[in-house]
Amino acid sequence: KDVITVNKVTYTILRIIGKGGSSKVYQVFSENKKKVLAIKYVKLDCADDMTVQGYINEITLLQKLRNSENIIHLYDFEITDSHIYLVMECGSIDLATFLSKHKKIDPQDMKFYWRGMLDAVDVVHQAGIVHSDLKPANFLFVEGTLKLIDFGIANAIQSDKTSVVRESQVGTLNYMSPEAIQDTSPSPQVDANGHRRPKLKINCKSDVWSLGCIFYYMVYGKTPFQHITLSLMKLQAICDPRHVIEFPAVDNPHLLDLLKKCLIRDPRERPSIPELRKHPYFLSEA
Ligand SMILES: CN1CCC(Oc2ccc(-c3[nH]nc4cccc(OCC5CCCCC5)c34)cc2)CC1
């Protein structure tokens, strides 16, 4: 029986959920908790200091946000020179895989999912972090509630199978905001003590754009610029106000209005997450 031991506690490996460059996510069974959990294993042998720092920041943030219901729960972790183990909550399916299987989503469920995603990203912003790479694979269903799996600080993990998730999710431009593309701020990419400085122009509003692209995908089955396959053309269209994003008719006018507001190209015009949470779409029962 394959087991993983973290801080002298053994977990039985049930199966592998996903793997990235130097990381793997296992579904495990905890003997003493009698629960199915997930363990993220990161091989540190050839990791540079910045990568390790990225993971330490991720762990610190997971601990800081442990009481937020829309953030995945970190039960335990172990860091040595050769590896990192993160013992976390195990979900049933990530949003990317879910959306590739369900083209139509019930309007009530949709509202519940959108509320959860906004709340998840809002607590990250309140902790002073901008994700800047939000996409469906970052969200996970845990007993029907959508939770954020990572904060975009450490490297991403793709699905284990060569599933539709991996091709369409890793390094995708489909969720990139105009200001992220145009961000040519002269600020050096690293600050005085060599820490990677977040680009100045990317801020919380960039995450609102990415969420808007995810919401758009949930409503229309494709992201706003998915049909433009040439990367350079796609980037230009995202930035070009003359390229009008299409919003086919939907039943709920509040939903359409919220969607359009998330995809306003000027980040100053684009609403913040607290403003979006007060939108009529979330107030009405229907
Ligand atoms: C394709 N197939 C995969 C298994 C299953 O989906 C998941 C189940 C559990 C999970 C997960 N739980 N806790 C998790 C804690 C951290 C990371 C996690 O995933 C990382 C990465 C896995 C691949 C998809 C993107 C997210 C975690 C995630 C996907 C059904 C779909």
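Atoms within a ligand are numbered from 1 in the order they appear, just like the ligands themselves. All values below come from the heavy atoms of this structure, side chains included, with hydrogens, waters and symmetry mates left out.
Interface atoms of ligand 1 facing I149, defined by a heavy-atom separation under 4.0 Å, are 16 (C), 17 (C), 26 (C). Less than 4.0 angstrom separates some heavy atom of I17 from each of these atoms of ligand 1: 3 (C), 4 (C), 7 (C), 8 (C), 9 (C), 10 (C), 22 (C), 23 (C), 28 (C), 29 (C). The distance from ligand 1 to the heavy atoms of C90 drops below 4.0 Å at these ligand atoms: 12 (N), 13 (N). Residue I72 approaches ligand 1 through these ligand atoms, each under 4.0 Å from one of its heavy atoms: 13 (N), 14 (C), 15 (C). Against a heavy-atom cut-off of under 4.0 Å, M88 is close to the following atoms of ligand 1: 15 (C), 16 (C).
For T10 and E31, the side-chain atoms include no donor-acceptor pair closer than 3.5 Å. No side-chain donor from either of N57 and T60 sits under 3.5 Å from a side-chain acceptor of the other.
For an aromatic pair to be called close, the ring centres must be under 6.0 Å apart, and F215 with Y113 fails this.
The environment of D48 atom CG is dense: over 12 non-hydrogen atoms of other residues, nucleotides or ligands sit within 6.0 angstrom.
Rounding to the nearest 0.5 Å gives a distance of 6.0 Å between OG1 of T223 and NZ of K234.
Taking the six-membered ring for Trp and thresholds of 30 and 60 degrees, H254 and H279 have ring planes more than 60 degrees apart, a perpendicular arrangement.
The part of L140 lying near ligand 1 is the side chain, judged by heavy-atom distances below 4.0 Å.
Using a 4.0 Å cutoff on heavy atoms, E89 counts as a contact of ligand 1. The closest approach between any non-hydrogen atom of S92 and ligand 1 is below 4.0 Å.
The option with the heavy atom closest to atom 2 (N) of ligand 1, from among T97, L86, V25, is T97.
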Stepwise side-chain hydrogen bond (donor to acceptor under 3.5 Å, both in side chains) check, K35 with Y75: CA-CA 12 Å; K35 275 182 83 166; Y75 289 95; 2.9 Å; yes
